[in-house]
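The block underneath contains the structure these notes are about, expressed in structure tokens.
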Amino acid sequence: MTTHIFPDGFLWGAATASYQIEGAWEADGKGESIWDRFSHTPGKVQDGDTGDVACDHYHRYAEDVALMRGLGLKAYRFSISWPRVIPDGKGAVNEAGLDFYDRLVDALVEAGITPYVTLYHWDLPQALQDAGGWCSREVVGHFARYADVVSKRLGDRVKFWATHNEPWVVAKLGHYIGVHAPGITDLSACYQVAHHVLLSHGEAVPVLRANAGGAQVGIVLNLSPVDPASASPANQTAARRHDGYLNRWYLDALFKGTYPDDMSAILDEIGVAVPVQAGDMAKISAPIDFLGVNYYTRDVVCDDPDGAFPFTSPGPRENAEFTEMGWEVYPEGLYRLLKCVHQDYSPAALYVTENGAAIADAPTGDAVHDPRRIAYLRAHFKAIHRAIGEGVPLKGYFVWSLLDNFEWAFGYSKRFGIVYVDYEDGQRRIPKDSAHFYREVIADNGLSD
Ligand code: IFM
């Protein structure tokens with residue numbers, strides 16, 4: 001018996017991103033992206049893996065849409081490759097690139113699946129990087145024009161638009177820790193980038209609204225609740241700081257039009273300047289229709305004056321289960337996060353735009369048994385059901401990911417898909433047990449205990 005019923009029209013979906021699945025890295029006039037350059041640089045990605053072929057979705061999109069239809073997905077979240085559409089990021093439009101997304105959107109609409117587009121999921125045209133990338137304010141205007149080009153072509157059929165995926169990751173992993181493209185390690189660059197990415201979001205919102213009549217426009221953030229490793233005042237302060245760095249920096253900017261004072265004070269103290277100009281914060285905080293939340297785990301932190309900014313280190317966990325990413329399985333965190341974001345920032349609507357688990361799956365004949373992923377999903381579905389029951393305006397959920405894919409610096413070593421991809425055997429797709437479980441949840445619009 002179904003005990004956890006979701007509201008009518010709840011949007012059950014799955015998510016992917018262009019560089020992680022498309023392949024065809026130089027097909028039909030596509031330009032080079034920073035991830036092409038990064039993954040082609042020896043030593044940057046585990047096992048020397050690249051996204052050159054990935055899941056070959058560029059050529060197999062019809063088969064993949066058929067798979068989605070078979071699962072009964074209501075929505076599909078995917079991203080557009082900027083250099084596929086505008087090879088150098090700012091010049092001529094590559095019509096063949098736009099045609100690919102046109103075909104994909106048509107196939108989705110035909111299958112009764114709502115397309116949910118993210119404009120930027122990290123594959124910046126390399127030519128823009130060569131001119132300073134997100135550290136340069138000029139990229140903001142180029143992004144707005146890219147948004148214009150894409151939404152003019154797809155806006156008649158695409159009514160859900162997210163400007164960016166996870167600005168914190170772009171800024172921190174790409175420009176401070178350097179484990180993501182473009183591989184920069186500079187804290188000042190990190191905050192220039194964070195600001196320019198948010199500003200480009202603000203510039204793109206009205207463009208998307210103008211081109212896609214009746215569209216819902218928003219942004220996707222990676223958020224985690226933060227717990228101190230102990231009740232000591234130092235660890236509690238560290239947790240507040242870490243929350244400021246990871247969550248509030250972006251949420252406050254988008255929903256309050258200011259960067260949090262405590263974090264700005266720390267940046268001042270250590271001489272990091274954020275390149276805010278008059279009018280920027282008003283643009284960044286212009287009302288949006290939804291906030292997308294990517295949730296995987298919580299952060300437990302300790303104070304550590306020698307630790308990386310913001311001077312915290314990971315804290316210990318006991319009796320916890322971890323996924324292949326080393327991330328604690330903590331469904332309660334999703335409930336807490338949604339409640340907290342709703343209470344503190346009141347977005348008009350929320351979506352869980354990513355949630356899932358990397359598990360070391362292996363096929364057994366034509367099946368892939370992944371009970372741990374099913375347990376993970378089940379627990380997180382209950383967490384969102386509880387949040388909805390307590391008034392959180394959560395309108396949909398997207399599992400990460402539809403397919404096993406290129407997991408950035410980890411290459412193909414991590415499998416997040418509900419559909420297994422056999423890269424060695426002609427890109428064979430095998431729906432895992434979790435895909436069959438998800439199909440039932442979608443069909444019942446709920447689950448049982
Ligand atoms: O694979 C990534 C995705 O691109 C962005 N969010 C987190 C996922 C898992 O690491």
Side-chain angles (χ1 to χ4, degrees), residues 13-23 33-36 38-39 44-46 49-51 54-55 57 76-82 116-124 162-175 177 179-182 193-194 197 218-225 246-247 250 291-299 322-330 333-334 337 351-361 370 372-373 376-377 380 397-421 423 434:
T16 63
S18 48
Y19 189 75
Q20 293 179 274
I21 66 162
E22 284 179 2
S33 79
I34 56 172
W35 269 96
D36 293 318
F38 193 73
S39 69
K44 296 296 186 190
V45 175
Q46 190 172 328
D49 288 345
T50 73
C55 306
H57 172 76
Y76 174 53
R77 172 176 177 241
F78 62 98
S79 75
I80 309 275
S81 161
W82 185 347
Y116 196 114
V117 166
T118 304
L119 284 174
Y120 188 74
H121 199 128
W122 311 348
D123 37 3
L124 186 74
T163 51
H164 283 276
N165 183 70
E166 302 181 356
W168 180 88
V169 172
V170 175
K172 181 184 171 183
L173 299 190
H175 298 82
I177 307 294
V179 293
H180 275 198
V193 167
V197 167
I219 187 169
V220 171
L221 302 180
N222 56 300
L223 301 173
S224 289
L246 174 67
N247 301 320
Y250 298 92
L291 174 68
V293 173
N294 291 355
Y295 174 78
Y296 290 89
T297 191
R298 67 169 165 167
D299 285 350
F322 295 89
T323 67
E324 286 290 302
M325 296 296 281
W327 296 344
E328 181 185 357
V329 177
Y330 188 68
L334 180 53
L337 183 65
Y351 290 86
V352 172
T353 32
E354 287 181 26
N355 174 241
I359 309 283
D361 304 306
D370 56 343
R372 287 184 60 202
R373 184 174 290 101
Y376 180 101
L377 295 177
H380 286 80
Y397 170 97
F398 294 79
V399 68
W400 185 269
S401 177
L402 175 70
L403 303 170
D404 292 335
N405 59 49
F406 177 85
E407 178 55 25
W408 307 111
F410 297 98
Y412 297 98
S413 68
K414 310 290 181 213
R415 291 186 176 271
F416 274 94
I418 56 171
V419 174
Y420 186 90
V421 177
Y423 306 109
S434 57

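Just the heavy atoms: all of them, side chains too, but no hydrogens, waters or symmetry mates, feed the values below. In this text the structure is predicted, and so the values were computed from the model without any measurement. Counting starts at 1 for both ligands and their atoms, following the listed order.
Contacts of ligand 1 (protein heavy-atom distance under 4.0 Å) are Gln20, His121, Trp122, Asn165, Glu166, Tyr296, Trp327, Glu354, Trp400, Glu407, Trp408, Phe416.
Annotation: salt bridge (charged side-chain N to carboxylate O under 4.0 Å, His left out) contacts involving residues 165-174, sequence neighbours excluded, are absent.
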Tyr76 vs Thr16, side chain to side chain donor-acceptor pair (under 3.5 Å): CA-CA, chis, key distance, verdict:
CA-CA 8 Å; Tyr76 174 53; Thr16 63; 2.6 Å; yes

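Side-chain polar atoms of Asn294 and Thr353 form a donor-acceptor pair below 3.5 angstrom. Counting only N and O atoms by type, the side chains of Asn355 and Tyr376 include a donor and acceptor under 3.5 Å apart.
Residues passing the side chain to side chain contact (heavy atoms under 4.5 Å, CB included) test with Ala14 are Leu73, Val399, Leu402, sequence neighbours excluded. Looking at residues two or more places apart in sequence or on another chain, you find a salt bridge (Lys or Arg N to Asp or Glu O under 4.0 Å) between Arg372 and Glu321.
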